Engineer: 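Below you will find the structure I want to go over with you.
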Amino acid sequence: MTYDDLEQAALARQLTILGGFHPDADDPDLSNCKTLLLLGPNEPAFWPHLQSEPEGRDGLPDPVDRWSARVIGGWADEIQGKALYPFGGPPHLPFFEWATRTGRLHPSPILFLVHDRAGLFVSIRGALALPVHIDLPTPPDAPCLTCTDQPCLSACPVSALSGREYDVARCKGHITTEDSVACMTSGCAARRACPVSRRFGRLPAQSAYHMQRFIAP
C-alpha cells in the first residue's frame, strides 16, 4: 500500500488526501498509528456526489458528517486502519494541530487554516490512522509566503477578521442582517478572496450549506 494507492482510493470515494504525518510513539490519541492522513472533499465533484448519496437524500440532519462517518469508517475497516473525525465531540480531537503537522496546512493571515490546493476553502472530513508507515510526498511551500497582497485580510465587509482575532458576533450579525446574498450564498468573503481558493472549484451551493450551518442555533 503506497501513498498513490491511497490517493486513488480516496478519489474513488470523492475524497482527497490533504496531507499526512508520522506520529510520535507517545502522541496522544494516536496510539499504534504509524501514519495519519487527513481527508477532505474532492472538489468540485464532491457536492453533486453527496446529493445523490443516501445521506444527501434522506432529509435527516448532518448529512455531510453522516456521509463522512460511513465512507471514511468503511474505508478504514477495509484497510485495518482507524477512522477519526473532527466532529462528534466533546471531547474534540486536535485536528488543527494535526493539520499543521502535515506541512500542507498552515495558519493564514486571518488565522484560519489555508491549504496548498484548497486555499481557505479547506475542509477536513476525517482522518485515517494507519498502523503502517507510508512514505509521504514532500509538502510544497505555504501559499501565503508568496501572496504579497494578502486579500483575505481586507475582504470581510465588516472587518470581522483582523489577523489578531475572529469577531464571530460581528460576522454573524452581518450575514444575518445586511448581507442577503454574497457571503450567505457563495461563502465567506475572506475565504473567497484567497487566490488559491479561487482556483479550487468548490461549488457555491456547498458553501451556502456550510454558511447555513454556521448561523443555525
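These numbers come from a predicted model, not from an experiment.
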Engineer: Is R13 salt-bridged to E78, cutoff N-O under 4.0 Å?
Structural biologist: yes
Engineer: Check the pair H115, L18 against side-chain contact (heavy atoms from CB on, under 4.5 Å), reporting the backbone distance first and the verdict last.
Structural biologist: CA-CA 8 Å; H115 183 260; L18 298 171; 3.9 Å; yes
Engineer: Out of curiosity, does L38 fall in the hydrophobic cluster containing F21 (side-chain heavy atoms, cut-off under 4.5 Å, transitive links)?
Structural biologist: yes
Engineer: With F200, which residues qualify under ring-ring contact (aromatic ring centres under 6.0 Å, His included), at least two apart?
Structural biologist: none
Engineer: Are I110 and L145 linked, directly or through other ILVMFWY residues, by side chains that come within less than 4.5 angstrom of each other?
Structural biologist: no
Engineer: Please tell me if the side chains of L15 and P41 come closer than 4.5 Å, counting only heavy atoms from C-beta onward.
Structural biologist: no
Engineer: Only one of Q212, R191, R202 clears side-chain hydrogen bond (donor to acceptor under 3.5 Å, both in side chains) with S207; which?
Structural biologist: R202
Engineer: Between D62 and E55, does a side-chain contact (heavy atoms from CB on, under 4.5 Å) hold up when you go through it step by step?
Structural biologist: CA-CA 8 Å; D62 302 320; E55 295 83 1; over 6 Å; no
Engineer: Less than 4.5 Å apart, side chain to side chain, heavy atoms only: is that true for Q51 and F46?
Structural biologist: no
Engineer: Of all heavy-atom pairs between L120 and A190, which one has the smallest distance, and what is that distance?
Structural biologist: CD1-O, 3.5 Å
Engineer: Apart from L111 itself, what residues make up its hydrophobic cluster when side-chain heavy atoms of I, L, V, M, F, W and Y under 4.5 Å apart count as a link, directly or indirectly?
Structural biologist: none
Engineer: Is there a side-chain contact between P139 and D116 (heavy atoms, below 4.5 Å)?
Structural biologist: no
Engineer: Which donor-acceptor pairs under 3.5 Å do the side chains of residues 84-99 make with protein atoms, sequence neighbours left out?
Structural biologist:
unit_1 : atom_1 : unit_2 : atom_2 : d
Y85    : OH     : A69    : O      : 3.1
Y85    : OH     : G73    : N      : 3.2

Engineer: Side-chain contact test, heavy atoms from C-beta onward, threshold under 4.5 Å: evaluate it for L39 versus I17 and give yes or no.
Structural biologist: yes
Engineer: Who passes side-chain contact (heavy atoms from CB on, under 4.5 Å) against R57, sequence neighbours left out?
Structural biologist: P54
Engineer: What pairs meet the salt bridge (charged side-chain N to carboxylate O under 4.0 Å, His left out) rule with one or both residues in residues 127-142, with sequence neighbours excluded?
Structural biologist: none
Engineer: For T35 and V132, indicate whether the former's side chain and the latter's backbone hold a donor-acceptor pair under 3.5 Å.
Structural biologist: yes
Engineer: Determine whether V71 and Q14 satisfy the following criterion, side-chain contact (heavy atoms from CB on, under 4.5 Å), listing intermediate values before the conclusion.
Structural biologist: CA-CA 10 Å; V71 172; Q14 296 306 334; over 6 Å; no
Engineer: Start with the C-alpha distance between F214 and C171, add both sets of side-chain angles, then the distance that settles side-chain contact (heavy atoms from CB on, under 4.5 Å), and finish with yes or no.
Structural biologist: CA-CA 10 Å; F214 173 58; C171 172; 3.7 Å; yes
Engineer: Of all residues at least two apart in sequence or in a different chain, which pass the side-chain contact (heavy atoms from CB on, under 4.5 Å) check with T148?
Structural biologist: none
Engineer: Please find the pair of heavy atoms, one from L128 and one from A76, that lie closest to each other, and give the distance.
Structural biologist: CD2-CB, 3.7 Å
Engineer: Any heavy-atom pair between the side chains of L105 and T100 that's under 4.5 Å?
Structural biologist: no
Engineer: Can you list the residues that meet the ring-ring contact (aromatic ring centres under 6.0 Å, His included) rule with H22, with sequence neighbours excluded?
Structural biologist: H133
Engineer: When rounded to the nearest 0.5 angstrom, what distance separates CD in E7 from CG in L37?
Structural biologist: 9.5 Å
Engineer: Measuring from C188:SG to I175:CD1, what's the distance to the nearest 0.5 Å?
Structural biologist: 8.5 Å
Engineer: Check whether more than 12 heavy atoms from other residues, nucleotides or ligands sit under 6.0 Å from atom NZ of K172, and answer yes or no.
Structural biologist: yes
Engineer: Indicate the atoms forming the closest heavy-atom contact of Q150 with C144, along with that distance.
Structural biologist: NE2-O, 4.5 Å
Engineer: Looking only at heavy atoms, which two atoms of P48 and P44 are closest? And how far apart?
Structural biologist: CD-O, 3.4 Å
Engineer: Looking at every heavy atom in both P109 and L153, which two are closest together, and how far apart are they?
Structural biologist: O-CD2, 3.7 Å
Engineer: Answer with yes or no whether the side chains of T16 and R117 bring together a donor and an acceptor at under 3.5 Å.
Structural biologist: yes
Engineer: With hydrophobic residues grouped by side-chain heavy-atom distances under 4.5 Å, do I79 and Y3 end up in a single group?
Structural biologist: yes
Engineer: Do P143 and H106 come close enough that some side-chain heavy atom pair is under 4.5 Å?
Structural biologist: yes
Engineer: Could you give all pairs that pass the salt bridge (charged side-chain N to carboxylate O under 4.0 Å, His left out) test and reach residues 38-50, with sequence neighbours left out?
Structural biologist: none
Engineer: Are the side chain of D58 and the backbone N or O of L60 linked by a donor-acceptor pair below 3.5 Å?
Structural biologist: yes
Engineer: If you define the side chain from C-beta out and look only at heavy atoms, does anything of M1 sit under 4.5 Å from L6?
Structural biologist: yes
Engineer: Decide yes or no for C194 and P151: does some side-chain heavy atom of the first lie under 4.5 Å from some side-chain heavy atom of the second?
Structural biologist: no
Engineer: Tell me yes or no: between the side chains of T2 and D5, is some donor less than 3.5 Å from an acceptor?
Structural biologist: yes
Engineer: Say whether, by atom type as modelled, one donor and one acceptor occur between the side chain of S108 and the main chain of L113 under 3.5 angstrom.
Structural biologist: no
Engineer: Tell me which pairs pass ring pair (Phe, Tyr, Trp, His ring centres under 6.0 Å) where either residue lies in residues 146-170, with sequence neighbours left out.
Structural biologist: F112-Y166
Engineer: Please report the closest heavy-atom contact between W75 and A9, naming both atoms and the distance.
Structural biologist: CZ2-CB, 3.5 Å
Engineer: Any side-chain to backbone donor/acceptor pair from D27 onto D24? Under 3.5 Å, distance only.
Structural biologist: yes
Engineer: Looking at residues at least two apart in the chain, or sitting in another chain, which of them share a salt bridge (Lys or Arg N to Asp or Glu O under 4.0 Å) with D167?
Structural biologist: R170
Engineer: Under a 3.5 Å distance rule, please check whether R198 uses its side chain to pair with a backbone N or O of A193 as donor and acceptor.
Structural biologist: yes
Engineer: What residues, two or more places apart in sequence or in another chain, satisfy side-chain contact (heavy atoms from CB on, under 4.5 Å) together with N32?
Structural biologist: none
Engineer: Decide whether W67 and I72 are clustered together by the hydrophobic rule: side chain heavy atoms of Ile, Leu, Val, Met, Phe, Trp, Tyr closer than 4.5 Å, transitively.
Structural biologist: yes
Engineer: Output all residues satisfying ring-ring contact (aromatic ring centres under 6.0 Å, His included) with W47, sequence neighbours left out; order by chain, then residue number.
Structural biologist: Y209
Engineer: With no hydrogens and no angle check, do the side chains of R192 and S186 hold a donor and an acceptor under 3.5 Å apart?
Structural biologist: no
